[in-house]
Amino acid sequence: MIFNKIRKKLYLHRCKRVAKSYGDGLKVNGESYVTPNTTLGNNVNFNGMKIQGSGNVIIGDNFHSGIECMIITSIHNYDKGNAIPYDDTIISKDVIIEDNVWLGNRVIVLPGVRIGEGAIIQAGSVVVKDVEKYAIAGGHPAKVFKYRDIDHYEKLKKEGNFH
């Protein structure tokens, strides 16, 4: 038990030291890595997040991740490069995750994606394109299959009921 507390403090310290900025209430409960291009809002909860690449990552307030999630912001140049399977060029794209987003376990978010406010991404999904606000998406690639009850969501938001 004491070992787990020490690990959580280490993960938290590492994220705070590396991130470009972070808000109040950052919690890091599982092994997590951010980049110097990572901006974190208030009440961000990582339960095992690995952010990699040279693109910017902006995560809004009240974000929650499941275990073993990844956000990737850079890819190799495989299409117009001068070598196969890819050349030495790195292509970076920003990832933006708006407020009140929840990523289930083992979600992967690829470069250039925006996930809208209040969206939920189902465990095991690969997000390859933008997800609208209030959407619930899942699969490979992730597709929207449902939306939150927006009236209820807005009521909870107005009341300030955040986990």
Minimum heavy-atom separation for [X] to [Y], with atom names?
X	Y	value
Val131	Ala119	CG1-CB, 4.1 Å
Gly112	Val95	N-CG2, 4.0 Å
Val144	Ala135	CG2-CB, 3.7 Å

Say you draw a straight line from CD of Glu68 to CD of Glu31; how long is it, rounded to the nearest 0.5 Å?
->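 One finds 9.5 Å between CD of Glu68 and CD of Glu31.
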Could you give the distance from CG (Leu156) to CG (Asn100), rounded to the nearest 0.5 Å?
->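 With rounding to 0.5 Å, CG (Leu156) is 10.0 Å from CG (Asn100).
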State whether Lys155 and Glu159 are salt-bridged, where the test is any N-O pair (Lys NZ or Arg NE/NH1/NH2 against Asp/Glu carboxylate O) under 4.0 Å.
->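 Looking at Glu159 together with Lys155, the answer is yes, because their closest N to O distance falls below 4.0 Å.
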Going hydrophobic residue to hydrophobic residue with side-chain gaps under 4.5 angstrom, can you get from [X] over to [Y]?
X	Y	result
Ile108	Tyr33	no
Leu12	Val44	yes
Leu103	Phe162	no
Ile58	Trp102	no
Val126	Ile72	yes

Does the side chain of [Y] come within less than 4.5 Å of [X]'s, by heavy atoms?
X	Y	answer
Asn105	Val107	no
Leu40	Leu26	yes
Ile59	Phe46	yes
Ile121	Ile115	yes
Lys20	Thr38	no
Asn4	Ile6	no
Phe63	Met49	yes

Any idea how Tyr86 and His76 line up, ring-wise: parallel (<30°), tilted (30 to 60°), or perpendicular (>60°)?
->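 Tyr86 and His76: parallel rings.
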Would you please say whether a donor-acceptor pair under 3.5 Å links the side chains of [X] and [Y]?
X	Y	result
Ser54	Ser74	yes
Asn29	Asn47	yes
Asp87	Thr89	yes
Asn62	Asp99	no

Please walk me through it: do Val57 and Val34 pass side chain to side chain contact (heavy atoms under 4.5 Å, CB included)?
-> CA-CA 9 Å; Val57 173; Val34 299; over 6 Å; no
Could you go through the side chain to side chain contact (heavy atoms under 4.5 Å, CB included) check for Ile71 and Leu110 one step at a time?
-> CA-CA 6 Å; Ile71 298 173; Leu110 296 183; over 6 Å; no
Flag, side chain of [X] to backbone of [Y], donor-acceptor distance under 3.5 Å:
X	Y	result
Asn45	Lys27	no
Ser32	Gly30	yes
His64	His163	yes
Thr35	Asn37	yes
Thr73	Gln52	yes
Asp130	Arg114	yes
Glu98	Glu117	yes
Arg106	Ile67	no

Start with the C-alpha distance between Phe145 and Ile136, add both sets of side-chain angles, then the distance that settles side chain to side chain contact (heavy atoms under 4.5 Å, CB included), and finish with yes or no.
-> CA-CA 6 Å; Phe145 60 86; Ile136 302 173; 3.5 Å; yes
Residue [X] excluded, over 12 heavy atoms near [atom1] under 6.0 Å:
X	atom1	value
Tyr78	OH	no
Tyr22	OH	no
Asn161	CG	yes

Hey, mind stepping through Glu154 and Tyr134 against side chain to side chain contact (heavy atoms under 4.5 Å, CB included) and telling me if it holds?
-> CA-CA 10 Å; Glu154 290 297 335; Tyr134 313 122; 2.5 Å; yes
